[in-house]
Every structure is written in C-alpha cells, then in structure tokens.
Amino acid sequence: MPNSPSDTPRRITVQRQGPLLVEGPVEIELEDGSTVASDRFRVALCTCRRSRRFPWCDTSHRARR
Amino acid sequence: MRETFRGTRHPMHTDREEPSLPSPRGPLSAAVRDHLRGTGPLPRPEATASVPAWGDDLQLALYQCYELHYRGFAGVDPELEWDPGLLRFRAALEERFLAALRAGTRVHDTVEDAVADLLVEPVDGTGVSHFLRDKGELWHLREYAAQRSLYHLKEADPHAWVLPRLWGRAKAGMAAVEFDEYGGGRADRVHARLFADLMTDLGLDTTYGRYLDAASAETLATVNMMSLFGLHRSLRGALVGHFAAVEITSSPGSRRLAEAMRRTGAGPAAEHFYDEHVEADAVHEQVVRHEVIGGLLEEEPHLAPDVVFGIDATGHVEDLLAARLLTEWRAGRSSLRAPLEEDAVRESAAHTS
Ligand code: FES
Ligand SMILES: [Fe+2]
Ligand SMILES: [Fe+2]
C-alpha cells in the first residue's frame, strides 16, 4: 500500500469559485508526465485553467471589471 | 525634567550595530532624535497638534518611536523602547495619525463588501505596478525598491505582533501564513531575505534602514500604520483587515512587478521575489480570508467594523503613496528625498562593454 495507514487524511478544500486548497507538501503530475512540487504548508491549485503559473493558482480566476 | 526608564541590569547600554538615526525633518522628529541620543527633552504632547499628520515631520517622529520595537538605532539605549515619556509622546503622535486615517478613509459597510471590492481586478488599472509594468525603467524600479525596503526588510514582522491576540482558527491561519513569510523554516527563503537579494540585483545597499532618509512621508505612513495596528491589541481587528488587504491585492500586483523586472533585465532574484509572491499570496489570500478573518469574526463578531477599517485604511495609505510616486515619475523627477548612489557594478559593466 503506497500510503501509510497511520497518515491522517490530507485535507483538500473545495470552493465553487477559485482554487482547490491542498495541504502541502505536494507533487503534481502534469499531462506531459512531468512533475512539479511545492513544500508550502498549503497550495492553491488552479481550477479555472487561466493561471499563467498552472497548476498553481495566480488569482487569474478573479472577476475583471 | 527628563524621565527615563532604564533596565536594572545595565546602567546604560546602547545598540551599536543597529541602523543610524535618521536626519530630522522638522521639530518633532528632531526632538525624538535628541531624546533618543539623550541630549534633549521631548516637547509637550500638545506640540504634535502643530504639524500636518501626513507630513514628513510627524511621520518620521512616529517611525523613530516604532523602530525601537524592531531593531533600534545605533547608539541608542534599547531600554528607551519602554521609556514612559517617549511612550506618552508617541501616544500623542498616534492619536493624530489615527484620526487622520479615520478621517481620510472611505469605509465600506461590511467586511464582505470590502473584500468583494478587492477581489475584482480592474481591467484598466492605473496603479504603481501598472506604471512599472508598462513604462518602468530601471531607475524607477530601484527607487521603488528603496522606498519599499522600509517594509520588506522587516516583512511580516509588524503582523507577528497580532498572534498572541488571536485564538483558534484565526491564530492557526495567521501563524501558518507568517511561517511561510519567514521562509517555512529556511533562512534563505525568508521573504525579507528574498527582498535583500532583489535589492542586490538592483545595485542597492541591503543594510537595514539604509534608505530611511530617502523614503517619502507616504512610505513612512504605510509602515507606521502596520506598526500602529500591530502594537495595539485594541486594533487587532484593523491589523487583520490590513493584512488581508495586502495579501488579497499582492498576487496580481506582484505579477505586474515581476513583468517589470523581466522586461528591464533587473535580474533573477528581482524576478524571483515577485514571482514567489504571485504564488504564495494566492494561497495566503485564501487562508487569510477564510481562516483569519473568518475565525476572528466567529470569536469576536464585534470587531467587524475594525476589520473593514483596516482594509480601507490600507487602500488609503497605498493610494497616497501611489499618487506621490506617480506624480514625481510622470514629471520625470525622483520620488526620493536623497538621490540613490550610482550602482557601481552596473556602471562599470556599462563602461567596459
Ligand atoms: S483558480 Fe486561481 S487562477 Fe485558476
Ligand atoms: Fe511575503
Ligand atoms: Fe504573503
């Protein structure tokens, strides 16, 4: 089993608007098979696909006026 | 009679390694300097009524008082941090400043309204980061970094004071964000350190306090406001609102500043400081909104108006600074009170290539 059963579940916070919030550290596999990692205490993953720093949220999901 | 509180262990002790006292900008800042040097009495608190609240003299007087809580000044007894006479005088300066902040600040009705306005990105923004992205030259970026170094070399420090005043979710969220600001336990990633590296790329002197004499009154006011909110438990709601406003607006602004650094070839550390803030503050914004503001108002709902005030006051002091910088730069003038030294490295490179 890849994950130790003693690990507490990793919390992911979901919102209708804006990024997924995931407790770090994380390693993300991208479509091309490459990986990016972050050891921040929490990371914001882009769900709107507009981020210029994808997969990280860069607040491009915000409304513009 | 001069009233001075001194520590019991040392009859007189002075900080030697710390930044030097700034040049005074008027009677109040001169009196504070003399008091810190032990060579002159403080004026009566009423004297603070005679100078403009947003002006150089009052802002520098207040800045000197607050700096004793951070790193102090060379040749100044560190126990003066708790000198009753100085604290009384500081209280008079704070009263003027706080009144000016409250008078100048447009205040939203609710926290939700205030936050919602920050979450909308203007399509045709006209702020300092827009100017720097579109038209900024290296000398503008160097001036901007010199001005901002007053905060960024103590980045996150004024906000750490709020931690003992929070509980539960608000405390945990605030501590987590501060941990990230302090490099997540890695000295080379402390944001103040990343800013010093940016300054090196820009050929600036990274010595703490080096550009205090050069900084505008408007810059002093932005830092004084953080110190005011951070040092007073009674203003913890305003500190939280202020911090939220900084974190929410930072990510898009940092992107523009990163673009400015790239376009001008400022250097990799200069780009990295702002790139890191695009990413970090997209996270910090979420934590501060949901955990820190949310947690604080769950515990202390009566602080909502203070949170709104902190958000709106931040917008106000930033607008005043932006107006100052853009007025000078659009007229082709320096925004600084003292010219920057030539960048020795870049100069010699320019002559030899
Ligand atoms: S969700 Fe924030 S940029 Fe996409
Ligand atoms: Fe930061
Ligand atoms: Fe931040």
Side-chain angles (χ1 to χ4, degrees), chain A, chain B residues 115-125 129-130 133 169 172-186 188-189 191 246-259 262 271-272 274-292 294:
Chain A
M1 214 168 87
N3 299 312
S4 150
S6 64
D7 281 350
T8 48
R10 175 153 304 181
R11 176 170 297 179
I12 300 183
T13 307
V14 183
Q15 356 177 37
R16 276 182 199 285
Q17 282 266 313
L20 280 181
L21 303 175
V22 184
E23 288 178 348
V26 298
E27 188 179 79
I28 313 282
E29 186 175 347
L30 301 170
E31 276 161 319
D32 63 0
S34 64
T35 56
V36 289
S38 172
D39 58 4
R40 206 179 296 288
F41 70 100
R42 197 169 302 181
V43 298
L45 294 182
C46 175
T47 57
C48 75
R49 307 267 154 179
R50 287 206 292 260
S51 174
R52 293 191 222 174
R53 301 182 67 80
F54 194 85
W56 318 117
C57 166
D58 72 351
T59 71
S60 293
H61 60 270
R62 287 186 189 170
R64 296 171 72 82
R65 186 174 58 202
Chain B
V115 168
D117 270 356
L118 293 181
L119 286 173
V120 175
E121 258 310 286
V123 179
D124 297 310
S129 62
H130 296 88
R133 179 195 60 192
R169 286 207 294 137
M174 191 71 197
V177 174
E178 288 283 276
F179 180 65
D180 212 25
E181 301 287 353
Y182 290 134
R186 301 260 300 262
D188 58 342
R189 292 198 204 160
H191 283 186
V246 170
E247 296 294 349
I248 293 172
T249 52
S250 165
S251 202
S254 295
R255 177 158 90 199
R256 291 186 284 272
L257 293 168
E259 284 173 28
R262 260 187 279 285
E271 291 177 25
H272 177 66
Y274 288 110
D275 281 337
E276 161 64 10
H277 278 84
V278 172
E279 220 171 277
D281 289 337
V283 177
H284 297 175
E285 171 219 317
Q286 300 285 339
V287 177
V288 172
R289 275 166 54 210
H290 300 303
E291 306 297 318
V292 183

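Naming convention: chains lettered A, B, ... in sequence-line order (proteins, then strands); numbering from 1 in each chain. All values below come from the heavy atoms of this structure, side chains included, with hydrogens, waters and symmetry mates left out.
- Put simply, the side chain of A/R52 reaches to within 4.5 Å of the side chain of B/R255, judged on heavy atoms.
- In this structure, the separation between NE2 on B/H290 and OG1 on A/T13 is 8.5 Å, given to the nearest 0.5 Å.
- A salt bridge is absent between A/R64 and B/D124: the closest approach of a Lys/Arg side-chain nitrogen to an acidic carboxylate oxygen does not fall below 4.0 angstrom.
- For the atom pair A/Q17 CD and B/L119 CG, the distance stands at 10.0 Å (nearest 0.5 Å).
- Between chain A and the residues B/V278, B/V287, B/D281, B/D180, the largest count of heavy-atom pairs under 4.5 Å involves B/D180.
- B/L118 has its side chain out of reach of A/R62: every pair of non-hydrogen atoms, C-beta onward, lies at least 4.5 Å apart.
- If you take CD on B/E279 and CG on A/D58, they are separated by 9.0 Å, rounding to the nearest 0.5 Å.
- By the neighbour-count criterion of 12 heavy atoms within 6.0 Å, atom CZ of A/R65 is sparsely surrounded, having that number or fewer from other residues, nucleotides or ligands.
- For the pair A/C57 and B/A282, the tightest heavy-atom approach, listed with the atom from each and the gap, is O-CB, 3.3 Å.
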Audit row: B/Q286, A/T59, side chain to side chain contact (heavy atoms under 4.5 Å, CB included) steps and yes/no: CA-CA 10 Å; B/Q286 300 285 339; A/T59 71; over 6 Å; no
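- We find the CD-CZ distance between B/E276 and A/R40 to be 4.5 Å, quoted to the nearest 0.5 Å.
- No side-chain heavy atom of B/H284 sits under 4.5 Å from any side-chain heavy atom of A/R42.
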